[in-house]
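Notes to accompany the following structure.
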Amino acid sequence: MTAVCEPAVYEKVALIGLGLIAGSMAWAMKRDGTAGEVRGYARSAESREMTRRLGFCDVVCDDLAEVVQDADLIVLATPVGVMGRVAETIAPHLKPGAVVIDVGSVKRTVIEEVAPHIPEGVHFVPCHPMAGTEHSGPASGFASLFDNRWCLIVPVEGTPEAEVARLESYWQRLGARTERMEPEHHDLVCAVVSHVPHLIAYTMVGVADDLRRVSDQEVIKFSAAGFRDFTRIAASDPTMWRDVFLTNKEATLEILGRFTEELFALQRAIRTGDGEQLHAYFTRTRAIRRGILQAGQDTDKPDFGRTR
Ligand SMILES: NC(=O)c1ccc[n+]([C@@H]2O[C@H](COP(=O)([O-])OP(=O)(O)OC[C@H]3O[C@@H](n4cnc5c(N)ncnc54)[C@H](O)[C@@H]3O)[C@@H](O)[C@H]2O)c1
Ligand SMILES: O=C(O)C(=O)C[C@]1(C(=O)O)C=C[C@@H](O)C=C1
C-alpha cells in the first residue's frame with residue numbers, strides 16, 4: 001500500500017543558525033515532507049560542511065540575503081541575543097507574504113528586538129518549542145525532538161489568524177502540540193520550568209567543582225540520577241544560556257527571589273530540626289509529581305529513543 005503524503009505546509013523554508021533546533025526541524029520536515037525545499041545558513045565553513053555531509057538541508061548558504069530570498073518561512077534559530085541583528089540584515093530581502101518565526105527561549109525581548117525590523121506585508125510569529133538537549137551544533141539535531149512536546153506560539157498584534165493557524169499546523173506536522181501564550185506569561189512560565197532550573201543546575205555543579213576534594217572522581221563515581229541530571233543540564237551551550245538570562249532578566253529575578261525565600265525556610269527548618277515542616281513540604285512536592293504522571297503530562301524521552 002502506498003503511504004498518502006500530506007502536501008507541504010510551506011514550499012520554501014530558510015533556517016538561520018544550523019544548530020540543535022534548526023537541525024531537528026530540518027530532519028522532522030524531511031520525515032514527512034512538511035516543506036518543499038529546506039535552505040540553511042551558517043556563519044562558519046565548518047558548520048556548512050557538516051550540514052552538507054549530514055544532508056539535512058537541500059541548499060547550504062553562506063549569505064543571509066541568498067538564504068531568505070524567495071523563502072515562504074524563515075526560521076531564526078540563533079542564540080536570542082543576536083536575533084535583532086539578524087532580522088535587521090535579512091529585512092530588505094524578505095518577500096511579501098513571507099512568515100518569519102524565531103525559536104528563542106525568551107519572547108518579550110525577542111519581540112522588542114525583532115518586530116521593528118519586519119517589513120510591512122511580512123508576518124512575524126514568535127514560537128518556542130519546549131524541547132531540547134544539552135547538545136548543540138549541526139550534528140546534534142534529530143527528527144523526533146519535537147514529538148509530543150509543546151510548542152508555545154506567541155502571536156503579535158495584527159497577525160492574520162490564518163497565518164497563526166498555518167504555523168500551528170506546521171509545528172503539529174513536526175510532531176509538537178501547540179498552545180498560544182502572551183509574551184510576559186511565556187517568560188514567567190519558562191523562568192519557572194526551564195531558566196531557573198538551569199541556573200540551579202549550573203550553580204550546583206559549580207559548587208561541586210569548588211569542593212575539589214569531591215569533584216575530581218567522587219562526584220561522578222558516586223552520583224546517582226539527581227546530580228547526573230544536574231551535570232547534563234550544566235553542559236548546555238554557554239552562549240545560548242548567557243543570552244537567556246540577560247534577556248529574561250525580570251522573570252528570572254522574580255522566580256529566583258521566590259526560590260531563595262523557600263530555600264531559606266527549608267534551611268531554617270533543617271537548622272531548628274523542624275521535621276514536620278520538612279515532611280509537609282516534601283509531601284506537597286511529591287503530590288505535584290504524581291499529579292503530572294497521572295495526567296500523562298510527563299513526555300520525557302531519554303536520548304535512546306532518538307531517530308534521524
Ligand atoms: N537547546 C535547547 O534546548 C533549546 C530549546 C528550545 C529553544 N531553544 C532556542 O533555540 C535557539 C537555538 O538554540 P540551539 O540549541 O539550536 O543552539 P545551537 O548552539 O545548537 O545553534 C545555534 C546556532 O546559531 C549560530 N549562530 C550564532 N550566532 C549567529 C549569528 N549571528 N548568525 C548566524 N548564526 C549564528 C551558532 O553558530 C549555532 O550553530 C536559541 O535561541 C535557544 O534559546 C533552544
Ligand atoms: O531537555 C533539555 O536539555 C532542555 O534543557 C530543554 C529546554 C528545557 O529547559 O526544558 C531548554 C530550553 C528551552 O528553551 C526549552 C527546553
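Counting starts at 1 for both ligands and their atoms, following the listed order.
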In terms of residue, atom name and distance, what is the protein heavy atom nearest to atom 3 (O) of ligand 2?
Arg232 NH1, 3.0 Å
Could you tell me if the ring centre of Phe142 sits under 6.0 Å from that of Trp27?
no
Can you report which non-hydrogen protein atom sits closest to atom 16 (C) of ligand 2, along with the distance?
Ala131 N, 3.8 Å
Going by ring pair (Phe, Tyr, Trp, His ring centres under 6.0 Å), name the residues that satisfy it together with Phe230, two or more places apart in sequence or in a different chain.
none
Looking only at protein heavy atoms, identify the closest one to atom 15 (C) of ligand 2 and say how far it is in Å.
His128 NE2, 3.6 Å
I need the atoms of ligand 2 closer than 4.0 Å to a non-hydrogen atom of Glu134, numbered in the order shown.
3 (O)
Find all atoms of ligand 2 within a distance of less than 4.0 Å from any non-hydrogen atom belonging to Ser105, and give their numbers and elements.
13 (C), 14 (O)
Looking at Arg180 and Glu168, does any basic side-chain N land under 4.0 Å from a carboxylate oxygen?
yes
Tell me which pairs pass salt bridge (charged side-chain N to carboxylate O under 4.0 Å, His left out) where either residue lies in residues 228-252, with sequence neighbours left out.
Arg108-Glu250, Glu134-Arg232
How long is the straight-line distance from CZ of Phe124 back to CD of Glu163, given to the nearest 0.5 Å?
14.0 Å
State, to 0.1 Å, how close His123 and Gly97 come at their nearest heavy-atom pair, and which atoms those are.
CD2-O, 4.0 Å
Looking at every non-hydrogen atom in both residues, tell me the closest pair between Met25 and Ile101 and how far apart they are.
CE-CD1, 4.3 Å
Closest heavy-atom pair, Asn248 versus Ala191, reported as atoms and distance to 0.1 Å, is ND2-CB, 4.0 Å
Electrostatic pair Arg258-Glu262, nearest N-O below 4.0 angstrom
no
Ligand-residue contact atoms, ligand 2 with Trp241, heavy atoms, under 4.0 Å
11 (C), 12 (C)
Tell me if the CZ atom of Arg52 is crowded by more than 12 foreign heavy atoms within 6.0 Å.
yes
Would you check whether Ser236 reaches within less than 4.0 Å of ligand 2, judged by its heavy atoms?
no
Can you tell me the protein heavy atom closest to atom 2 (C) of ligand 2 and the distance?
Gly132 O, 3.4 Å
Show every salt bridge (charged side-chain N to carboxylate O under 4.0 Å, His left out) that has at least one partner inside residues 62-71, sequence neighbours left out.
none
Polar contact flag for His195 and ligand 2 (N/O pairs, less than 3.5 Å):
no
Starting from atom 7 (C) of ligand 2, which protein heavy atom do you reach first, and at what distance in Å?
Ser194 OG, 4.1 Å
Expected contact list for ligand 1 at under 4.0 angstrom, heavy-atom basis, is Gly17, Leu18, Gly19, Leu20, Ile21, Tyr41, Arg43, Ala77, Thr78, Pro79, Val80, Val82, Met83, Val103, Gly104, Ser105, His128, Pro129, Ala131, Gly132, Thr133, Ser136, Gly137, Met240
